[in-house]
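For reference, the structure is listed below as structure tokens.
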There are 2 protein chains.
Amino acid sequence: MSSEIRLTPTSYIVLGLIEGGGEATPYDLKQAVAASLGDFWSLQHAQLYTEPERLAGAGYLKERREEGGRRRRHYAITAKGREALRDWLAEPTEELTELRDLALLKVFFGADAKAMAAAQLPAHERQLAAYEELRRDFGKVMPKGPGITLEAGIAAERIWIEFWSKQSG
Amino acid sequence: MSSEIRLTPTSYIVLGLIEGGGEATPYDLKQAVAASLGDFWSLQHAQLYTEPERLAGAGYLKERREEGGRRRRHYAITAKGREALRDWLAEPTEELTELRDLALLKVFFGADAKAMAAAQLPAHERQLAAYEELRRDFGKVMPKGPGITLEAGIAAERIWIEFWSKQSG
DNA sequence: CCTATCATGTAATCCGTTACATGATTAT
DNA sequence: ATAATCATGTAACGGATTACATGATAGG
């Protein structure tokens with residue numbers, strides 16, 4: 001039983017959200033993702049059904065299924081899950097972000113940088129505005145981790161705006 | 001025949017490299033990736049065997065197999081491939097980079113930002129140094145697209161260094 | 001000559017995406 | 001009531017990673 005599985009970033013996202021918020025259904029997770037890390041690390045909703053199942057199968061979560069009505073699945077973290085999450089969090093990583101940016105890739109292969117900038121600039125400006133609004137509205141009450149991440153997102157968006165501005169000039 | 005396939009970024013990387021460099025073997029592609037876009041968009045070498053095959057099956061490349069010896073596969077781009085690449089390059093994208101950064105994800109869930117900074121800073125500094133060396137050595141002879149991409153990489157690394165420096169203070 | 005490394009390739013697995021589908025709830 | 005939207009789930013497919021494996025070449 002409890003076939004061993006590899007834990008991916010998706011796994012830790014699920015573990016982290018459940019550890020933080022307590023028992024959750026896939027839909028709860030979907031909401032949580034949308035409300036928190038969704039802009040910088042997106043997930044398909046189907047993953048939030050299959051991943052908890054996988055984790056439960058391997059003993060990192062335990063599943064409770066509603067008796068009547070919708071028979072929704074509720075997942076809670078186990079000791080094993082908590083431990084895995086803790087270990088992962090304690091391990092600093094040297095891994096760097098890769099710049100997997102479609103627009104950049106196109107420019108690399110010769111796409112017109114000015115045209116690309118025209119499409120990218122407004123998109124990045126919208127994203128920056130969204131982040132800044134988040135900070136204005138919730139900055140004070142935001143937990144530390146998400147707050148730091150938000151600052152990173154803002155810094156990154158500023159760079160992209162500066163970069164694409166240069167290309168469009 | 002020529003079953004229709006979906007073209008992914010990987011597909012366009014292969015098409016782009018072959019269009020730029022002429023006929024190539026998977027190993028040539030591997031070398032080309034390592035020498036050019038490898039730091040900002042990495043690929044498994046196995047993909048450079050399966051992806052050209054996929055593309056050839058759908059008519060975007062044509063395969064020529066050596067008769068004797070190693071029977072290596074050589075791929076050349078077809079008119080269909082050229083057209084697909086051209087169309088893709090001509091289409092600006094609004095899609096934003098996602099910040100899929102493991103270190104940030106860990107911080108989001110509460111990892112110690114200072115410890116993470118200690119691991120990330122040197123890694124980013126190495127990467128920045130590598131980019132700057134590239135620019136110093138090849139900046140003058142680099143094609144436009146890669147040159148622009150390199151500037152983006154440098155700008156991004158600077159931001160990350162600044163960001164993680166703040167966290168370690 | 002032997003060994004290490006480079007070069008080349010295949011197979012299996014699995015995660016992630018896409019597509020499909022239906023049950024509840026709210027609004028009109 | 002009906003339509004629309006929200007909520008919940010499953011199935012199938014495919015691309016990407018991992019692991020395995022062997023052929024050439026160069027260095028000692």
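What's counted below: heavy atoms across the whole structure, side chains too, no hydrogens, waters or symmetry copies. Chain A is the first sequence line, chain B the second, and so forth, proteins listed ahead of strands; every chain is numbered from 1.
Minimum atom distance to the side chain of A:Thr25 is reached by D:dT8, of the listed D:dT10, C:dT8, D:dT8.
Closest approach of B:Ala103 and B:Asp101 over heavy atoms only: N-OD1, 2.9 Å.
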Could you list the donor-acceptor pairs under 3.5 angstrom formed between side-chain atoms of residues 143-152 of chain B and any protein atom two or more places apart in sequence or on another chain?
residue  : atom : partner  : partner atom : Å
B:Thr149 : OG1  : B:Gly145 : O            : 2.9
B:Glu151 : OE1  : B:Arg135 : NH1          : 3.1
B:Glu151 : OE2  : B:Arg135 : NH1          : 3.2

Name each donor-acceptor pair under 3.5 Å that joins a side chain in residues 105-114 of chain B to protein atoms two or more places apart or in another chain, with its distance.
residue  : atom : partner  : partner atom : Å
B:Lys106 : NZ   : A:Trp88  : O            : 2.8
B:Lys106 : NZ   : A:Glu91  : O            : 2.7
B:Asp112 : OD2  : B:Ala115 : N            : 2.9

Could you list the donor-acceptor pairs under 3.5 angstrom formed by side chains in residues 124-134 of chain A, with sequence neighbours left out?
residue  : atom : partner  : partner atom : Å
A:His124 : ND1  : A:Glu157 : OE1          : 2.5
A:His124 : NE2  : A:Gln120 : OE1          : 3.2
A:Arg126 : NH2  : B:Glu94  : OE1          : 3.4
A:Gln127 : NE2  : A:Tyr131 : OH           : 3.3
A:Glu132 : OE2  : A:Arg158 : NH2          : 2.7

Taking only distance into account, with no hydrogens and no angle test, what donor-acceptor pairs under 3.5 Å do side-chain atoms of residues 159-169 of chain B form with protein atoms, sequence neighbours excluded?
residue  : atom : partner  : partner atom : Å
B:Ser165 : OG   : B:Ile161 : O            : 2.7
B:Ser168 : OG   : B:Ser165 : O            : 3.0

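Across the protein-nucleic acid pair, A:Glu98 atom CD and D:dA16 atom P stand 13 Å apart, rounded to whole Å. As a whole-Å value, the separation of B:Glu53 CD from C:dA11 C1' is 12 Å. If you measure from atom CD of A:Glu63 to atom C1' of D:dG9, you get 12 Å, rounded to the nearest angstrom. One atom, CD of A:Glu51, and another, P of C:dC14, lie 13 Å apart when rounded to the nearest Å. Here C:dT17 presents its C1' atom at 13 Å from CG of A:Leu48, a figure rounded to the nearest Å. Taking atom CZ of B:Arg6 as the reference point, atom C1' of D:dG14 lies 7 Å away to the nearest angstrom. As rounded to whole Å, 17 Å separates atom P of D:dC6 from atom CG of A:Asp28. Between B:Glu95 atom CD and C:dT17 atom P the separation is 12 Å, expressed in whole Å.
Checked by atom type, the side-chain pair A:Thr10/A:Glu51 shows no donor-acceptor distance below 3.5 Å.
Along DNA chain D, the nucleotide nearest A:Arg100 and the nucleotide nearest A:Lys30 are compared for position; the residue whose nucleotide lies closer to the 5' end is A:Lys30.
Using a 4.0 Å cut-off, some side-chain N or O of A:Arg73 falls inside it from OP1 or OP2 of D:dT10. A sub-4.0 Å separation between OP1 or OP2 of D:dG15 and a side-chain N or O of B:Arg54 is present. The phosphate of C:dG16 (OP1 or OP2) has a side-chain N or O of A:Thr10 nearer than 4.0 angstrom.
For the segment residues 33-47 of chain A, residues with any heavy atom less than 4.0 angstrom from an atom of DNA chain D are, sorted by number, A:His45, A:Ala46.
Residues in residues 12-24 of chain B take part in these salt bridge (Lys or Arg N to Asp or Glu O under 4.0 Å) pairs, two or more places apart or across chains: B:Glu19-B:Arg82, B:Glu23-B:Arg64.
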